[in-house]
Amino acid sequence: MESSSLPFGKKFSPTTKKYREFHRKSITDTEGFWDREARRLEWFRPWDKVLEWEPPFARWFVGGLLNASYLCVDRHVKTWRRSKVALYWEDEAGNARTWSYSQLYAEVNRFASVLRKLNVRKGDRVAMYMPLIPELPITMLATARIGAIHTVVFSGFSAQALADRINSTQAKVLVTADGGFRRGKLIPLKEKADVAIERTPSVESAVVVNRANIDIDMKDGRDFWYHEQLKKAESYVEPLPIESNDPLYILYTSGTTGKPKGIVHSTGGYMVFNHSAYKWAFDIRDESVYWCTADIGWVTGHSSIVYAPLSHAATLVLYEGTPDYPNPDRWWEIIDKYGVTIFYTSPTAIRMLMRYGEEWPKKHSLSSLETLGTVGEPINPEAWSWYYKNIGKERCPIVDTWWQTETGGFMISPAPGIELVPLKPGSATLPLPGIDAEVVDEKGKPVLSGVKGHLVIKKPWPGMLMTLYQDPKRYKEAYWSRFPGVFYTGDYAIRDTDGYLWLLGRADEVLKVAGHRIGTMELESAAVSYPAVSEAAAIGKPHEVKGESIVVFAILRKGHEPTDKLKKELREHVRKVIGPVATPQEIYFVNSLPKTRSGKIMRRVLKSVLMGKSIGDLSTLEDEASVKEVKKAYEELKKLVKAGS
Ligand code: ATP
Ligand code: MG
C-alpha cells in the first residue's frame with residue numbers, strides 16, 4: 001500500500017494534476033458545480049434552488065421537474081439514436097434478443113399504459129420480482145414514467161423475503177415472470193410469487209412475463225399476462241413531470257450486516273449524479289458497448305445498468321446467467337460476440353474465474369475491451385493483476401468504483417472521463433468531483449495519511465439517499481449520528497501520501513488483536529496473495545488474552561490439496577505480509593464460503609459457526625439456493641472445527 005505509482009499507471013497518464021484541479025474546484029463551490037452538471041439533463045421546468053440542506057435531509061434541485069423515463073428513452077428517439085441498439089440480451093442457452101432505442105421507447109410507453117389501467121398512480125409502489133430480462137428495465141422505466149415508485153426484489157430471494165419487502169412498501173402491483181433460469185435450472189418465480197401474494201394484502205394485481213413457457217396458475221381477475229396486456233395498451237403515455245425530490249425508487253441493501261434497509265432515492269438528484277458520475281468513470285461514448293454483470297436487483301443494476309447508461313443512450317449487454325455456466329469462458333465468449341468495450345464486474349466473480357485458470361480467457365480475443373471496472377468489495381491486488389493481465393491484456397485501465405446503495409452512484413473511482421490518474425491495484429484512487437471525502441478517527445478528527453480510519457462524506461451530494469423508507473429515525477441514527485453533520489459510510493479506509501483512498505472493508509468487521517485493529521480485508525488479501533489460495537474469509541474469535549484471535553477460511557485453487565504443510569505455509573505467509581500480530585490462529589480449507597447473492601461473504605455466519613451459535617435468520621437475506629450453500633458450508637465447517645479442536 002505504498003504510495004508509489006506503478007508502471008502501468010504511468011502508461012495511462014503521467015499525472016493527476018488536471019483531475020485534482022477539477023476536483024478541488026468542484027468541492028469549493030459544490031452547489032455551483034452541481035448546478036452546471038444538472039444542466040446536462042433535460043428538465044421540463046428548471047429548479048428554483050440547487051440544494052436545501054436541513055441536516056440530515058437534503059433536497060436537490062428544488063422545484064425542478066423532470067422524468068427519468070423521458071431521459072432514458074424519449075430523449076434518444078428524437079435523434080438518430082432511435083435506431084441505435086439499446087440492449088443486447090442473451091441467456092445461458094444462447095437465446096438472444098436485441099432492442100433498439102425505439103423498440104425500448106415503444107414498450108416502455110405501452111407498459112406504462114398497462115400500469116395505468118391497473119390503477120397505478122403517482123406515488124404508488126410497484127414491486128418487481130423478475131429474472132434478468134429486458135422486461136425488467138422496461139417495467140422500471142414504465143413505473144417511473146407515470147410517477148410511481150418501483151421496488152425491485154432480487155429474483156433469487158425467497159417468497160418470504162419478497163413478501164416482507166412488499167409489505168414494507170405496500171406495493172399495489174407485482175410484476176414477475178413465470179420462471180427464470182440459473183445454471184440450466186428452472187426457477188419457478190410465479191410459484192414463489194403466489195406464496196408471497198398470499199401474505200401481502202396490498203397487492204391488487206400481478207403481471208406475468210412469459211419467460212419460461214411453463215404451466216403456471218393464473219388467478220382470474222388478479223393475474224395478467226404481460227404480452228396480452230401490452231396488446232391492449234395505448235402506444236403513448238405522457239411522461240409525468242416529476243418534482244426532483246419525489247422518490248424514484250426504494251431498494252433494500254444486500255444485508256451483509258443485518259436487517260436490510262429500505263433506501264429511498266430521489267428522481268432529480270439521483271439522475272443528475274448518476275449521469276455525471278457514469279460519464280466520469282467509464283467515459284461512455286456512442287460507440288461503446290457496455291456490459292455490467294450485476295443483477296438489476298442490486299443498486300449496481302439500478303444505477304449502472306438502467307438509469308446511468310440509458311440516460312447516455314449507451315448500448316448495453318444484459319446476460320441472464322452465471323459466469324461459469326455452461327463453461328468458465330461463457331463471459332469471455334459474450335465479450336467477443338458483442339464487441340464489449342467496457343466490462344464491469346465484481347472482485348468475487350474475478351476470483352472465481354481465476355480459479356479455473358487462464359486457459360479459459362486465452363481461448364478468446366477480448367480485443368474489443370477498452371476499460372474494465374469492479375465494484376462490490378475491495379479488490380485484492382492478486383485478483384486485480386489477474387484481471388489486468390488476462391482480461392485487459394495490460395491494455396485496459398481498471399476502474400475500481402467504491403459506492404453503496406445509500407450513495408446512489410460512484411463516489412470514489414478513477415475518472416478516465418476527465419483524466420485517468422495512475423492506478424494502484426487495490427485502491428479506488430480519488431473521490432469523484434463534488435464528493436468531499438475524509439478519513440477520520442473515532443472522534444471524527446481527520447487522520448494522517450497512512451493511518452486507518454472511518455470513511456466519511458462531509459458534504460451532501462445529489463445521489464445520496466433521501467431517507468430510509470418510513471423510518472427517518474433509523475436513517476438519522478445509521479448515517480448521521482456517529483459523527484454529527486457528516487455522512488458515516490461504515491467503511492474503513494486509509495489515505496496514502498498521494499491522497500489515494502484504500503478501502504479496507506466494513507468498520508464492524510475489524511478485528512482487535514492484542515490492541516491492534518486489523519481489517520478482515522487486509523487479512524483476506526494477504527491470504528489470497530498466497531499462490532495456492534483463491535478465496536479467503538477472515539474472522540475474529542474471542543480470545544482471553546489477545547481480545548480476538550484470527551481465524552481464516554480458505555478455498556484452494558484447482559490442483560492444490562489441503563495439507564497441514566500448506567496450512568503452515570499459509571500461516572507463515574500471512575504473518576510475513578502483515579506482521580506477527582496478524583498470524584492466523586486457525587486455518588480451515590473449505591470448498592465454498594457463505595455469501596450473499598451479490599457475492600459478499602457473510603462473515604457473521606462463519607462467526608456463528610465458530611462460536612457454536614445458531615446461524616440466525618437467513619430468510620430475509622438469502623434466496624433458497626444460497627441458503628442451501630450456506631448450510632452446506634456451515635456443516636462442513638462444523639465438522640472441520642470439531643476435528644480441529
Ligand atoms: P448492508 O449495508 O445491508 O450490510 P451492503 O453494504 O453489502 O449491505 P451494498 O450497498 O450493496 O450493500 O454494498 C456497499 C458496500 O460494499 C460498501 O459499503 C463497501 O463495504 C463495499 N464496496 C462496494 N464497492 C467497493 C469497492 N470498490 N471497494 C471496496 N469496497 C466496496
Ligand atoms: Mg452497507
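As the structure lists them, so they are numbered: ligands from 1, and atoms in each ligand from 1. By convention here, the first residue in the shown sequence is residue 1. Keep in mind that the numbers below use all heavy atoms, side chains included, and drop hydrogens, waters and symmetry copies.
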Problem - Check: R125/Y469 side-chain N/O donor and acceptor closer than 3.5 Å - result: yes
Exercise for the section: Just let me know how I379 lines up against ligand 1, side chain, backbone, both or neither, with a heavy-atom cut-off below 4.0 Å. Expected result: neither
Completion exercise
Quick look: T405 vs ligand 1, heavy-atom contacts under 4.0 Å, and the answer is both
Exercise answer: donor-acceptor pairs, residues 478-486 side-chain atoms, under 3.5 Å, sequence neighbours excluded:
unit_1, atom_1, unit_2, atom_2, d
Y479, OH, E406, OE2, 2.8
W480, NE1, Y475, OH, 3.1
S481, OG, K476, O, 2.8
R482, NH2, E442, OE1, 2.6

Fill in the blank from the handout: atom 16 (O) of ligand 1: of Q404, E509, E406, K600, the nearest heavy atom sits on K600
Practice task
Output the list of atoms in ligand 1 that are nearer than 4.0 Å to some heavy atom of P378, sorted by atom number.
Solution key: 28 (N), 29 (C), 30 (N)
Problem - Output field: ring centroids F273/W34 closer than 6.0 Å - result: yes
Exercise for the section: Examine the proximity of ligand 1 to W298 and report which part, side chain or backbone, both or neither, has a heavy atom under 4.0 Å away. Expected result: neither
Fill in the blank from the handout: Looking only at heavy atoms, the pair that brings E548 and V510 closest together is OE1-O, 4.1 Å
Exercise for the section: Determine the interplanar angle of the H275 and H312 rings, folded into 0 to 90°, and report it as parallel if under 30°, tilted if 30 to 60°, perpendicular if over 60°. Expected result: parallel
Completion exercise
ligand 1 to K261, heavy atom cutoff 4.0 Å, flagged ligand atoms 2 (O), 3 (O)
Problem - Residue from T374, T293, T401 passing side-chain hydrogen bond (donor to acceptor under 3.5 Å, both in side chains) with Y344 - result: T401
Handout entry: Within-cut-off N or O pair, T374 and ligand 1, under 3.5 Å
Key = no
Problem - Which of the ligand 1 atoms, numbered from 1, are nearer than 4.0 Å to a heavy atom of D491 - result: 17 (C), 18 (O), 19 (C), 20 (O)
Exercise for the section: Pick out which of D400, D496, T429 makes a side-chain hydrogen bond (donor to acceptor under 3.5 Å, both in side chains) with K424. Expected result: D496
Practice task
Run the contact test for G376 against ligand 1 with a 4.0 Å cut-off on heavy atoms, strictly below, and give the result.
Solution key: yes
Problem - N or O pair under 3.5 Å between T401 and ligand 1 - result: yes
